[in-house]
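Notes for the one structure printed next.
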Amino acid sequence: MRKALIPFALLAAAPLLAADKPALPAPSEIVAGAPRADWTAIAASDLLVMDLAPAANGKPRWVVIQLMPAPFSQGWIGNIRKLAAAQWWDGLAVTRVQDNYVAQWGDPDGEDKAKARKLPDGLATVPESGYMLDLQSDPALLDRAADMVEPLAATMQTWFETKGASGLRGDRYASLTLAWQGWPLAIEDGWAWPVHCYGMVGVGRNMSPDTGSGAELYTVIGHAPRHLDRNIALVGRVIEGIEHLSSLPRGTGPLGVYESRAEQVPITAIRLGSAVPGLPAYEYLSTESESFAKYAEARANRRDAFFIRPAGGADICNIPVPVRRAQ
C-alpha cells in the first residue's frame with residue numbers, strides 16, 4: 001500500500017478545542033514516544049560536516065548538514081561533493097551574518113578574480129530551471145506527486161469550501177505545502193520545489209542568469225524567507241550545530257557582510273560525512289509515519305497543558321521534521 005504524505009494546508013482544518021478539554025501530549029512527547037520503526041537513517045555520505053575554528057572558550061564547533069535527496073538540486077549537490085572531496089573550503093571563512101536572515105560562507109576573496117581560490121575542474125553549470133522540479137516531465141514523478149495529494153484532496157476541498165475559499169491553497173507562496181521524505185516542499189501547477197525554512201542551506205549566486213556553483217553557501221538563521229523560493233537553489237539543511245552559526249556576531253557591512261578579516265569566522269575543514277572519523281549516526285522521523293502525522297497535528301493544534309487556545313493551523317516551517325542522533 002502506498003503511503004500518502006501530509007499536506008500542511010490540511011492541518012488548518014482541525015477544529016479548535018475548548019480550553020477545558022483534557023490536555024493531550026505535546027509534540028516533543030509524541031516524538032519521544034515514536035517507535036523505532038518510524039525513524040529513517042541518514043547515510044553518512046549524504047552529510048556535509050563543517051568544522052569551524054574553535055570558540056573563544058576552546059570548544060569545537062561542528063555544523064552537520066544533510067544534503068537534499070534526488071531528484072532535487074542534484075547538479076549543485078554534485079558540485080558540493082566535488083568541492084568537499086577537493087578540500088576546497090579548508091581555510092576559508094564565514095563571511096556574512098545578517099540578522100534575522102542568513103549566515104553565509106565561502107571564499108572571502110571570491111569577488112576578486114586575481115585573488116579568488118581556483119575552483120575544482122568539472123563543476124557543473126546548473127540552469128535556473130533546476131530551482132524547481134517539473135512533475136509533468138516524468139510520469140513517475142507525477143504519480144509520486146499524486147501519492148502525496150490525492151488521498152486527502154477531497155477532505156481539503158470540503159474544508160476550503162466551508163471556509164468560503166476556492167482551490168486547495170496551502171499558503172501565500174504555493175497551492176500546497178507538504179513534507180516529502182523528510183523535507184519541506186511546495187507544489188504549484190505541476191511544479192515542486194524545496195522551501196526556505198529555518199536551517200535550510202542554499203547556494204549563493206550573483207545576478208541572474210548566474211545560479212552559483214555551490215562554492216558559496218548560506219543557511220537561514222531567521223524567519224523563513226520564502227520569497228527566495230524558486231529564485232535560488234536549496235541544497236540541504238543543518239541538522240546539528242546551527243547555534244554555531246545563528247549566534248555569530250552580526251556583520252556591520254551591507255547585508256551583514258563582515259568588513260574585516262578579523263571579524264570573519266575561519267573554516268578549519270568541510271568534509272563529506274563518510275570521510276569524518278567518529279561521526280555520529282543520524283536519523284529523521286519518517287514523514288510517512290503515523291507518529292509524524294500525530295506530531296504535525298499537535299504542532300498545528302497545541303493542546304498540551306501550557307496552552308489555553310489551539311492555533312488551528314501551522315505553516316510548513318513551523319512543523320520542522322525531527323532529526324536526532326541514532327538511538
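All of these numbers come straight from a predicted model, not from anything done at the bench. Numbering of residues begins at 1 and proceeds along the displayed sequence.
Proximity of a side-chain donor or acceptor of S73 to a complementary backbone N or O of A233 within less than 3.5 Å is not detected. Side-chain N or O atoms of D229 include one that pairs as donor or acceptor with a backbone N or O of H196 at under 3.5 Å. No side-chain donor-acceptor contact under 3.5 Å links E297 to the backbone of K294. Side-chain atoms of R205 come within 3.5 Å of backbone N or O of N231 as a donor-acceptor pair. Checking side-chain atoms of K82 against main-chain N and O of G122 turns up a donor-acceptor pair under 3.5 Å. Without hydrogens or angle criteria, R96 side chain to L255 main chain gives a donor-acceptor distance under 3.5 Å. Judged by distance alone, the side chain of R299 and the main-chain N or O of N318 form a donor-acceptor pair under 3.5 Å. S213 places a side-chain N or O within 3.5 Å of a backbone atom of A215 that can act as its donor or acceptor partner. Judged by distance alone, the side chain of D90 and the main-chain N or O of W88 form no donor-acceptor pair under 3.5 Å. Between the D171 side chain and the Y173 main chain, a donor and an acceptor come within less than 3.5 Å of each other.
Counting only N and O atoms by type, the side chains of E188 and S175 include a donor and acceptor under 3.5 Å apart. Under the 3.5 Å distance criterion, with hydrogens and angles disregarded, no donor-acceptor pair is assigned to the side chains of T287 and Q181. Checked by atom type, the side-chain pair R36/Q327 shows no donor-acceptor distance below 3.5 Å. Side-chain contact of T252 with E259: a donor-acceptor pair under 3.5 Å is present, judged by distance alone.
Here the closest non-hydrogen pair linking V321 and R237 is CB-NH1, 4.0 Å. Heavy atoms only, all atoms of each residue included: V220 and P225 are closest at CG1-CD, 3.5 Å. For the residue pair A186 and A174, the shortest heavy atom distance occurs at CB-CB, 3.5 Å. I77 and F72 make their closest contact through CD1-O, 3.9 Å (heavy atoms, listed as atom of the first residue, atom of the second, distance). When all heavy atoms of W180 and A70 are compared, the closest pair comes out as CH2-O, 3.4 Å. Here the shortest heavy-atom pairing between P71 and L133 reads CG-CD2, 3.4 Å.
V94 and V257 are members of different hydrophobic clusters when ILVMFWY side chains are connected at heavy-atom separations under 4.5 Å.
Classification of D99 and R250 as a salt-bridged pair holds, one side-chain N sitting under 4.0 Å from a carboxylate O. A salt bridge is absent between D107 and K118: the closest approach of a Lys/Arg side-chain nitrogen to an acidic carboxylate oxygen does not fall below 4.0 angstrom. Here E243 does not pair with R61 in a salt bridge; the nearest charged N to carboxylate O distance is not below 4.0 Å.
Counting heavy atoms from C-beta outward, P120 and L83 have side chains that approach closer than 4.5 Å. The shortest distance between side-chain heavy atoms of R271 and Q87 falls below 4.5 Å. No side-chain heavy atom of P60 sits less than 4.5 Å from a side-chain heavy atom of P54. Side-chain contact between V265 and L248 is present, with heavy atoms from C-beta onward closer than 4.5 Å. R226 places a side-chain heavy atom less than 4.5 Å from the side chain of I316. Put simply, the side chain of V238 does not reach to within 4.5 Å of the side chain of V64, judged on heavy atoms. Residues S246 and T219 fail the side-chain proximity criterion, which asks for heavy atoms closer than 4.5 Å. The side-chain heavy atoms of P69 and W183, taken from C-beta on, include a pair separated by under 4.5 Å.
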- [ ] Determine, stepwise, if the pair L135 / I187 fulfils side-chain contact (heavy atoms from CB on, under 4.5 Å).
- [x] CA-CA 9 Å; L135 295 174; I187 292 179; 4.3 Å; yes
TODO: Decide yes or no on side-chain contact (heavy atoms from CB on, under 4.5 Å) for I80 and V235, but give the supporting numbers first.
DONE: CA-CA 9 Å; I80 289 169; V235 292; 3.7 Å; yes
Open item on the list: Would L234 and V201 count as a side-chain contact (heavy atoms from CB on, under 4.5 Å) here? Give the steps.
Closed with: CA-CA 6 Å; L234 281 171; V201 174; over 6 Å; no
TODO: Just do the side chain to side chain donor-acceptor pair (under 3.5 Å) check on Q66 and Y282 with the steps written out, would you?
DONE: CA-CA 10 Å; Q66 181 186 6; Y282 296 90; over 6 Å; no
Open item on the list: For a side-chain contact (heavy atoms from CB on, under 4.5 Å) check, start with the C-alpha distance between M50 and W105, then their side-chain angles and the critical distance, and finish with the verdict.
Closed with: CA-CA 10 Å; M50 177 163 61; W105 60 93; 3.9 Å; yes
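Ring pair Y131/W76: centre-to-centre distance below 6.0 Å.
How far CD1 of I270 is from CG of D51: 9.5 Å, rounded to the nearest 0.5 Å. Remark: E128 CD to M132 CE distance equals 10.0 Å, nearest 0.5 Å.
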Would you give me the side-chain donor-acceptor pairs under 3.5 Å for residues 38-47, sequence neighbours excluded?
from, atom 1, to, atom 2, distance (Å)
D38, OD2, S291, OG, 2.5
D46, OD1, R81, NH2, 3.0

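No more than 12 heavy atoms of other residues, nucleotides or ligands sit less than 6.0 Å from atom CG of D121.
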